[in-house]
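The structure under discussion appears below in the form of structure tokens.
Below, chain A is the first sequence line, B the second, and so on; all start at residue 1. Because the structure is a prediction, the values reported are computed rather than measured.
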Amino acid sequence: MTPSEREAFQTAFMAWYDEHRRDLPWRQNQEPYRVWLSEIMLQQTQVQTVIPYYERFLATFPTVEDLSAAPEELLLKTWEGLGYYSRARNLQKAAKQVVDDYQGKWPQTSAELEKLAGIGPYTAGAIASICFGEVVPAIDGNAFRVFSRLLKIDADIVNPKNRSIFYDAILPLIPKDRPGDFNQAVMDFGSQVCTAKNPTVGDTELAPFFRSYQDGTLLDYPVKTKKAKPKPVALFAVVIESEEGFLFQKRPSTGLLANLTTYPLVMAEDLQDGESELLMPEEQMTRIEAYFKEAYGLTLAHLKPVPVKPVTHVFTHLKWTITLLSATIAKDSDLAFFPGEWYSKAALAEIAMPTVQKKMAQRFDSL
DNA sequence: AAATCGTGGCG
DNA sequence: TCGCCAAGATT
């Protein structure tokens, strides 16, 4: 873009923002704690989903000090259902960093912000520009879409190496007096006008600036390679009830659904010995009993299928199909080798369960 | 550097 | 039902 072109674009773009700017809870002021929290929640998550979580989280943890001192159980419970749970753990790590390493005063540059847990290049740019006026791009999916279409940038946005191409293209377009507004304008324009499907760029004053719109190639951008589809995984969930309540399993502290609680789960794959021979239902039940004995020292009784449809749940890279079983165990069973415990209905309300567990419970309760 | 890590909405 | 998408970061 020529300098005069660039200036015309900036003027039109900021004018669009001044007229169409969304009024969002995290835009009430520019306190870093509030902006940071919103940016973490908004990673890969839509505004509509985030709003109620944001309000609840702020009410529960009003300051960075409150968050740094929060019990993990309450932290996860407040995050329950939002997904990508490492965000919640990193949120508290970063809160502790701010309190302990920065004496409760937020670092004010994108470079320093990136040292905090869970803050990468996008989030650092967003906070630095919005809260501290740093002239730096905040390159998210919206930015990739808007600027690939504006400038007809052919670089594959999936390849991290290409991020610098966008960085270099966007940086000179940022008005030096309004970097935070510019980045937020990109988000609003990207999510309301320059959308993935049914974009309406042509209805705005910005249309003349969009090179891809001018030549009818708007929908050819951004260029991105396709992702692999979720890999199918078969599991069994064993619903075990006693006078103490239900037996729930706490997942490991790393990996999928880390630290969350579900019915005891067994991957069908872990029941096979050698080759991928399909097991008959009878044989599967026998092996599940053996598995509980070997892995946890627990003896299952009355193991049988629950007569409901299997529960399916799609993650980013996995598709779970879960067959529900029910069983009992002796009430004096030793749980020393089982990573979980009995939960009464009241106790269940206090702990964080992933959506897939809620689905399973709902399916089981539909009997 | 490719894989991992949730969930809800929409065509 | 399915594929794609939504304010990415971490390993």
Side-chain angles (χ1 to χ4, degrees), chain A residues 22 24-27 34-54 76 79-91 93-94 113-130 137-147 156-163 166 180 182-192 194-199 219 222 224-233 251-260 262 309 312-321 352-359:
Chain A
R22 285 177 293 177
L24 299 166
W26 43 89
R27 288 181 175 175
R34 295 175 56 102
V35 173
W36 165 65
L37 176 61
S38 74
E39 292 300 341
I40 300 298
M41 286 188 164
L42 287 162
Q43 289 169 5
Q44 301 290 283
T45 311
Q46 301 190 58
V47 166
Q48 179 189 338
T49 303
V50 164
I51 289 176
Y53 279 92
Y54 181 78
L76 286 177
W79 197 270
E80 178 183 84
L82 197 51
Y84 286 145
Y85 295 92
S86 68
R87 290 185 295 173
R89 285 195 305 281
N90 285 332
L91 207 53
K93 269 190 208 166
L113 286 162
E114 264 198 69
K115 296 178 181 173
L116 299 177
I119 298 186
Y122 161 74
T123 305
I127 299 172
S129 63
I130 295 170
I139 310 175
D140 68 336
N142 288 308
F144 280 126
R145 196 167 55 254
V146 169
F147 293 104
D156 184 352
I157 66 171
V158 171
N159 188 342
K161 284 191 162 186
N162 288 332
R163 188 175 179 280
F166 284 83
F182 176 85
N183 284 329
Q184 293 181 89
V186 173
M187 300 174 206
D188 283 4
F189 191 77
S191 61
Q192 301 195 311
C194 191
T195 48
K197 298 168 190 172
N198 308 316
L219 293 177
K224 64 191 306 188
T225 55
K226 287 180 194 166
K227 294 171 190 168
K229 68 173 174 183
K231 173 188 163 189
V233 176
R251 296 181 60 81
S253 58
T254 59
L256 187 65
L257 305 176
N259 294 337
L260 300 192
T262 67
K309 279 190 313 180
T312 62
H313 189 79
V314 180
F315 299 97
T316 306
H317 58 299
L318 300 173
K319 179 177 180 175
W320 277 10
T321 301
M353 297 185 304
T355 296
V356 63
Q357 170 57 40
K358 292 179 180 292
K359 282 192 194 176

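Distance check on atom C1': C/dG8 versus B/dA1 gives 16 Å, rounded to whole Å. Rounded to the nearest Å, the gap between the P atom of B/dT4 and that of C/dA7 is 24 Å. Spacing of C1' atoms, B/dG6 relative to C/dC5, comes out at 14 Å, to the nearest Å. Annotation: B/dG8 and C/dT1 have their C1' atoms spaced 16 Å apart (nearest Å).
Closest non-hydrogen pair, A/Ala143 versus A/Ile139, comes out as CB-CA, 3.8 Å. Across all their heavy atoms, A/Leu256 and A/Leu318 have their closest contact at CD2-CD1, 3.9 Å. Residues A/Ala196 and A/Arg145 come closest through the heavy atom pair N-NE, 3.6 Å. Shortest non-hydrogen contact noted between A/Ala128 and A/Leu113 is N-CD1, 3.8 Å.
At a threshold of 4.0 angstrom between heavy atoms, the contacts of A/Val50 with the nucleic acid are absent. Base engagement by A/Leu24 is indicated by at least one non-hydrogen atom pair under 4.0 Å involving a base atom.
Nucleotides of DNA chain C with any atom under 4.0 Å from a heavy atom of chain A span, from 5' to 3', C/dC2 to C/dT10.
For the 3.5 Å distance criterion, the side chains of A/Gln43 and A/Tyr122 fail to qualify, holding no donor opposite an acceptor.
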Problem set entry | B/S/- contact track for nucleotides 3-11 of chain B, protein heavy atom under 4.0 Å | -SBBBB-B-
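Two residues are said to be in side-chain contact when any heavy atoms from C-beta on lie closer than 4.5 Å; A/Glu80 and A/Met353 meet this criterion. A 4.5 Å side-chain heavy-atom check between A/Tyr54 and A/Thr49 finds every atom pair outside the cut-off.
DNA chain C is contacted by both A/Lys93 and A/Arg27; A/Arg27 maps to the nucleotide lying nearer its 5′ end (nearest heavy atom per residue).
Taking every heavy atom of residues 117-125 of chain A and every atom of DNA chain C, pairs under 4.0 Å involve A/Ala117, A/Gly118, A/Ile119, A/Gly120, A/Pro121, A/Tyr122, A/Thr123, by number.
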